[in-house]
Amino acid sequence: MQYSSIMPLFLFDTLTRRKREFKPLHDKEVRLYSCGLTVYNFGHIGNFSHYIFVDFLKRYLKFEGYKVMHVRNITDVGHLVDDADEGEDKMLRASRLEKKDPWEIAKFYTEAFSHDCETLGLEKPDQEPKATDHIQGMIDMIATLIEKGIAYKAKDGVYFDISKFPQYGELSGNKVADLEAGARVEVNTNKKNPVDFALWKTDQPEHIMQWDSPWGRGYPGWHIECSAMSKEYLGEQLDIHTGGEDNIFPHHECEIAQSEGVSGKKFVNFWMHKRYLLVEGEKMSKSKGNFYTLSDLHLKWLEQGFSGDMKEAAQIFKFLVLSAHYRSQLDFGFKALTDAYKAWEKIDVAIHRAGDAVPNDTIKGIREEFEKYELHFYQALGDDLNTPNALAAMFDYVRELNAALDGDGISLVEQEHAETFFNEFQGLFGVDINLYTLTPDLMDMVMQREEARKVKDFALSDKLRQELLEKGVEVKDKKTGVEWRRTLILSSKF
Ligand SMILES: [Zn+2]
């Protein structure tokens with residue numbers, strides 16, 4: 001922990017388009033909001049890459065001594081297919097296809113999402129509000145916007161009047177005139193301006209989820225959900241709001257318009273967006289069939305020689321995501337996953353080597369290189385969470401540590417220092433895989449092989465070693481006894 005208190009933190013803000021020093025609005029307390037999943041399907045790896053980034057951000061802020069209040073909503077109503085105001089509602093479409101009512105759809109996929117987050121080892125948000133539990137908060141905000149003359153009632157609902165909010169477009173860099181030109185193709189004549197967006201939709205009897213409102217029975221627009229839930233749990237001003245890059249427009253642009261329209265205050269101090277993933281060089285899409293859920297990822301990887309379980313596959317995916325900077329584009333593929341595993345394995349082996357070492361009493365203090373690389377690690381994280389640079393410093397550290405262990409060994413202080421540093425690293429990256437634990441049946445095989453070796457039955461001992469290897473366990477005979485460790489990559493394809 002020695003560097004954390006002196007490390008300034010710079011974060012890139014999408015709105016001002018630059019890195020600024022992060023200071024919370026209230027003391028050491030950070031109010032953080034993340035757009036959650038629309039629960040009409042399983043989360044895919046693109047969604048999870050955003051939540052992995054947020055998890056890291058949270059862990060880092062806590063490590064720096066901040067108290068974090070994190071809210072991540074669940075969108076269980078009103079999210080239209082094209083993210084604008086047209087098209088079929090995603091929840092309704094799923095409900096039609098799966099022949100279940102939308103409440104059942106939402107419940108099922110909300111549970112699946114929680115389970116996936118647990119598999120990834122993501123810390124739970126402090127609040128996980130559902131949109132359908134906050135309809136009144138949305139209605140109140142819409143009423144305020146109408147009162148202030150920023151929103152208006154039309155024939156088929158209530159719309160936000162963007163001509164009353166000149167900052168509209170600042171976050172995404174869109175110009176209202178350009179948006180108008182684009183929107184004219186499908187003009188909804190109920191709107192004053194084609195770019196105005198829906199706050200409340202009425203007159204859609206086929207919509208199953210409906211609520212009473214002062215403007216008639218209907219349902220909320222997607223954007224107002226986040227404005228209402230962030231206000232309810234975090235107040236009118238947030239320190240950090242996160243989302244995927246594809247949320248910038250229109251979703252976050254609309255959130256700013258609504259929230260600032262109501263409060264008259266700056267809504268968010270830092271907007272942070274996770275760059276979207278590519279899958280083998282291409283954008284993810286249903287039609288290309290490269291839309292991976294966590295279980296797709298695990299199954300496909302098993303086919304290619306991975307031997308770990310679902311949780312282990314998810315953990316490696318998490319490490320892969322963190323090995324790229326959150327604002328750079330990560331190209332996901334099984335080769336990349338395998339490389340991430342091998343990189344992580346290198347660190348894990350070093351952790352165990354350092355832990356098992358017998359300190360050398362003749363060496364005093366800490367070598368300069370160890371401290372230098374540790375400092376580089378934290379400096380990189382303070383620079384807009386530059387995880388790839390931090391990992392480069394970690395690998396320098398591991399290389400230096402291995403060289404010392406191969407040579408004269410390490411001092412007691414160096415060993416203790418390594419333990420603290422590795423603990424902090426694991427606390428931040430949160431990769432939870434233990435390659436040094438075996439199931440009882442595998443442990444039995446290791447013991448049988450050891451027995452065979454003792455009685456010099458080398459044929460049996462070699463046979464068991466090969467069998468263990470095929471099950472993902474590497475056994476090495478050392479002067480000090482037998483050493484074993486699981487390895488999750490069985491295939492030589494990579
Ligand atoms: Zn949102």
Side-chain angles (χ1 to χ4, degrees), residues 13-15 31-41 43-44 46-55 57-58 69-85 89-91 106 109-110 113 117 122 125-135 137-139 141-142 145 160 165 168 170-172 174 197-201 219-263 266-276 326:
D13 169 34
T14 309
L15 181 71
R31 301 181 185 192
L32 168 67
Y33 186 89
S34 305
C35 286
L37 199 69
T38 304
V39 284
Y40 71 106
N41 205 339
H44 57 67
N47 302 131
F48 290 120
S49 74
H50 166 215
Y51 303 125
I52 289 168
F53 150 67
V54 175
D55 189 65
L57 169 68
K58 260 167 74 176
M69 260 298 286
H70 182 217
V71 177
R72 183 182 64 206
N73 70 294
I74 290 168
T75 293
D76 55 353
V77 63
H79 187 165
L80 302 171
V81 177
D82 66 357
D83 288 0
D85 298 329
D89 184 302
K90 285 181 176 175
M91 297 294 301
Y109 289 114
T110 300
F113 177 61
C117 289
L122 307 183
D126 299 284
Q127 297 286 345
E128 214 170 0
K130 286 191 202 121
T132 51
D133 290 338
H134 294 81
I135 302 292
M138 299 178 213
I139 290 176
M141 281 187 99
I142 298 169
L145 289 170
F160 188 97
F165 193 78
Y168 192 81
E170 267 178 18
L171 180 72
S172 55
N174 278 307
F197 60 90
L199 299 167
W200 190 263
K201 295 282 258 186
Y219 61 95
W222 172 34
H223 317 305
I224 194 72
E225 295 179 10
C226 287
S227 283
M229 287 183 274
S230 60
K231 180 168 179 273
E232 163 104 24
Y233 294 97
L234 298 170
E236 290 173 332
Q237 294 184 290
L238 315 179
D239 291 292
I240 304 173
H241 192 316
T242 74
E245 181 185 18
D246 53 339
N247 288 147
I248 297 175
F249 189 85
H251 186 49
H252 290 162
E253 197 77 73
C254 296
E255 277 189 44
I256 295 176
Q258 297 161 156
S259 295
E260 297 192 358
V262 166
S263 73
K266 187 180 178 186
F267 176 39
V268 169
N269 205 10
F270 284 83
W271 281 99
M272 295 183 78
H273 292 99
K274 171 78 179 78
R275 191 90 200 269
Y276 64 81
Y326 76 91

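Heavy atoms only: backbone and side chains are in, while hydrogens, waters and symmetry mates are out. Atoms within each ligand, like the ligands themselves, are counted from 1 in listed order.
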Asker: How are the rings of His251 and Trp222 set to each other: parallel, tilted or perpendicular (split at 30° and 60°)?
Answerer: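 If you compare the ring of His251 with that of Trp222, the planes turn out parallel.
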Asker: Under the rule for side chain to side chain contact (heavy atoms under 4.5 Å, CB included), what residues qualify as partners of Asp126, not counting sequence neighbours?
Answerer: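 So Asp126 forms a side chain to side chain contact (heavy atoms under 4.5 Å, CB included) with Met69, His70.
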Asker: Let me check your reading of the structure: within less than 2.8 Å of the Zn ion (ligand 1), is there an N/O/S atom from His223?
Answerer: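 No.
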Asker: Rounded to 10°, how many degrees is the angle SG/Cys226-the Zn ion (ligand 1)-SG/Cys35?
Answerer: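 Result: 130°, to 10°.
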Asker: Counting heavy atoms not belonging to Lys274, are there more than 12 under 6.0 Å from its NZ?
Answerer: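 Yes, enclosed.
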Asker: Can you tell me the N, O or S atom of Glu255 that's nearest the Zn ion (ligand 1)?
Answerer: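 That would be atom OE2.
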Asker: Near the Zn ion (ligand 1), is there an N/O/S atom from His252 that is less than 2.8 Å away?
Answerer: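 No, His252 does not qualify, because none of its backbone or side-chain N, O or S atoms lies under 2.8 Å.
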Asker: Going by the rule side chain to side chain contact (heavy atoms under 4.5 Å, CB included), which residues pair with Val268 if we only count those two or more places apart in sequence or in a different chain?
Answerer: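 Per chain and number, Val268 pairs via side chain to side chain contact (heavy atoms under 4.5 Å, CB included) with Leu238, His241, Trp271.
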